[in-house]
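One structure below.
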2 protein chains.
Amino acid sequence: MSQQSAQRKGRPPRISRAEIIETAGRIVDAEGVDRLTMRRLAKEIGSTPMALYHHVRDKEQLLVLLLDDYAARNLHRPDLPDDPRERVVVVAAAIRRTLAACPWIVEVLTADDLMSEAALWFVEQIMDGLVACGLTADEAVHAYRAIWYYTAGEMIVRAAGERRRADGDRPTYRERVFADADAAELPRVAGVASRWAELTAEDTYLDGLRALVDGLLAAPASPTARAASRRSRS
Amino acid sequence: MSQQSAQRKGRPPRISRAEIIETAGRIVDAEGVDRLTMRRLAKEIGSTPMALYHHVRDKEQLLVLLLDDYAARNLHRPDLPDDPRERVVVVAAAIRRTLAACPWIVEVLTADDLMSEAALWFVEQIMDGLVACGLTADEAVHAYRAIWYYTAGEMIVRAAGERRRADGDRPTYRERVFADADAAELPRVAGVASRWAELTAEDTYLDGLRALVDGLLAAPASPTARAASRRSRS
DNA sequence: ACCTGAACACCGTTCAAGT
DNA sequence: ACCTGAACACCGTTCAAGT
C-alpha cells in the first residue's frame, strides 16, 4: 500500500495507465475510434506496443476504461425535479445526452455494459424514482434495464444512421427496399416510404422515453398475474 | 474452358453473389462472425479475395446481405391476434425471437439498420396495429422506431452480457464497481448489488415491450401540446 | 517490475495485368 | 466481364530476453 517509500523491487515505471488513457482519449477525439490502435498509441506515447500490455489487459479493456474516463469527466448531475417520475426521465435523458455526444460509445456498448462508478449515481436516481412511484426493488431493476435498452438502442441505431449518411450519398439499400414496397400489400409502409428518412431523422428520444416510463409505471398486472408470467418464462 | 459458345460479352462468371453469401453463412454458423474474413471466404470458395469484390462492395455490405438472407429464411410470420395492440406486441416479439437467435446481428445492427425486404411485412403489421389504435401515420413511424430502439438495444446489451459471461469467469469490472457502491450514498443500488447479475440475466423483454407499447398508445398529450413539443425540437 | 525487439499469424483493399 | 497475383499498409498479441 505504501508505494512511494518502498520502491525497492524492479524498475520504476516509465508510463502509467493514466497516461495511456489520456493519450488514447486524445487520439480518439482527434481522429476517431478506429484510428486508435495499440501500435499507434505506443508510438504517440513514445513506447512500444507491448509496454501497454503491462497496464491494460487488452484493447477491449482500454476502450471500457476510456469510456469510464469520459463518463467521469462529462456526466454532470442534473437538478432533480420533485416528481419522481419526472426524475427518472430527466436522469435518463442526462445519461443519453452525454453519451450521445461521444460517437464511439457504440464500440464499447457492444463490448460491455457501461457501468462506471460515475454512472452509479444516475442508476441510483432512476431506481429511487421508480421505487418512489411504487415499484419493488426487483421491478425497479427490470424497469431500469428496459430504459437502458431503449437508450442504448437509440444511440446505436442513430450512430449507424449518421455513419451511413456521412460516408457518401450512395442510395442506401434501405431506400431501394422501401421504394419497392408494394402499396397494395404494404399500405402503411408504402404510405410513409417517401418520408421515412425525414421522419426517422427526427429526434424523438424523449417522447419514447416518456412513453416507456409511463408504461413501466402504469398500474401493472395483478401480483398473481405477474407471478404467473414469471413462472411461464422460466 | 469452352467460352466459344456464348461469348456475348466478357467471360462467364465463376462465382456468384448467392454462392458467396451461402458460403459466408456456413463459416459464420460454424465458427462465428469474426472468423469470416474476405481471405478465408475466398479460400473456402476456391477463389481469390479480390474476386469477391466483383460481387459485393465490401465486407460491411456482405454482412448486411448475410443478415437479409438470414431474415428471409428465418423470419416466419406469426398468427395475428385480433386486438391491434396485441398484434404490435406479437409481431415485435417475433422479430426479436428470430434475430436474438443469431448472435452476430450486433455487428450488422451497428453497421446499418436491418431493413430487409423480409422485414417489411413485420413493419407493416406493427404500423397497422398502431394506427388501428389511434395513432397517425407519422406517430406510428416514431412509435415503431421506439419499439425498434428498445428491441435492438435489448439484443445488443444481452449479446454483450453473454459474451462477457462466455470468455472467462474473471470478476467483471461491473461487479467490482457494484461491490464498491456505498450503501449510505447509493442505497437502492447497494440494496440489489448482490443480486444484480441474477436479476439482469432474467429475460424481461416482453414485459418491457408491453410497457413501451402501452405507453406509446396511452392517451397522448393534446394535439396542441404535441405541436408545441415538435416546434421546440426543430 | 517493467520494458524491448522480433516474430506470428493474420487483416481489408487497391492496382495493374491477364483471359 | 470477370478473375488473378502481388503489393500496400496495416493489425492485436505472444514470447523470450534485457534492464
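The basis for the numbers below is simple: all heavy atoms, side chains too, and nothing from hydrogens, waters or symmetry mates.
Residue B:H55 places at least one side-chain N or O under 4.0 Å from the OP1 or OP2 atom of D:dC3. Residue A:T37 places at least one side-chain N or O closer than 4.0 Å to OP1 or OP2 of D:dC11.
Note that CZ of B:R17 and CD of B:Q61 are 5.0 Å apart. Values are rounded to the nearest 0.5 Å.
Checking C:dG5, D:dG12, C:dT13 against every side-chain atom of A:M50, the shortest atom distance belongs to C:dG5. With C:dG12, C:dG5, D:dT13 as the candidates, the nucleotide lying closest to the side chain of B:M38 is C:dG12. Considering only side-chain atoms of A:S47, the nucleotide from C:dC11, C:dC3, C:dT4 that sits closest is C:dT4.
For the pair B:P13 and B:R39, both in contact range of DNA chain D, the more 5′-proximal nearest nucleotide belongs to B:P13.
Atom P of nucleotide C:dA9 and atom NZ of B:K43 are separated by 13 Å, given to the nearest angstrom. Look at CG on B:L41: it is 10 Å from P on C:dG12, rounded to the nearest Å. Across the protein-nucleic acid pair, B:I45 atom CD1 and D:dC3 atom C1' stand 13 Å apart, rounded to whole Å. Here D:dT14 presents its P atom at 7 Å from OH of A:Y53, a figure rounded to the nearest Å. One can place NZ of A:K59 at 13 Å from C1' of C:dC11, the figure rounded to the nearest angstrom. Remark: P of D:dC11 and CG of A:L52 are 13 Å apart, rounded to the nearest angstrom. Taking atom CG of A:L36 as the reference point, atom C1' of D:dC10 lies 15 Å away to the nearest angstrom. Spacing between atom CZ of B:R35 and atom C1' of C:dC10 amounts to 12 Å, rounded to whole angstrom units.
Using the Watson-Crick or G-U wobble rule with both distances under 3.5 Å, C:dA6 pairs with D:dT14. Across all strands shown, D:dA1 pairs with C:dT19; the Watson-Crick or G-U wobble distances both stay below 3.5 Å.
With respect to the salt-bridge test (charged N to carboxylate O, under 4.0 angstrom), the residues B:D203 and B:R96 qualify.
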Assess whether salt bridge (Lys or Arg N to Asp or Glu O under 4.0 Å) is satisfied between B:E31 and B:R40, documenting all intermediate values.
CA-CA 12 Å; B:E31 304 179 45; B:R40 166 76 192 281; 2.7 Å; yes
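There is a side-chain donor-acceptor pair under 3.5 Å between A:Y205 and A:T151.
D:dA9 sits 24 Å from C:dA9 when the P atoms are compared, rounded to a whole Å.
In terms of modelled atom types and a separation under 3.5 Å, the side chain of A:H142 and the main chain of B:L199 share a donor-acceptor contact.
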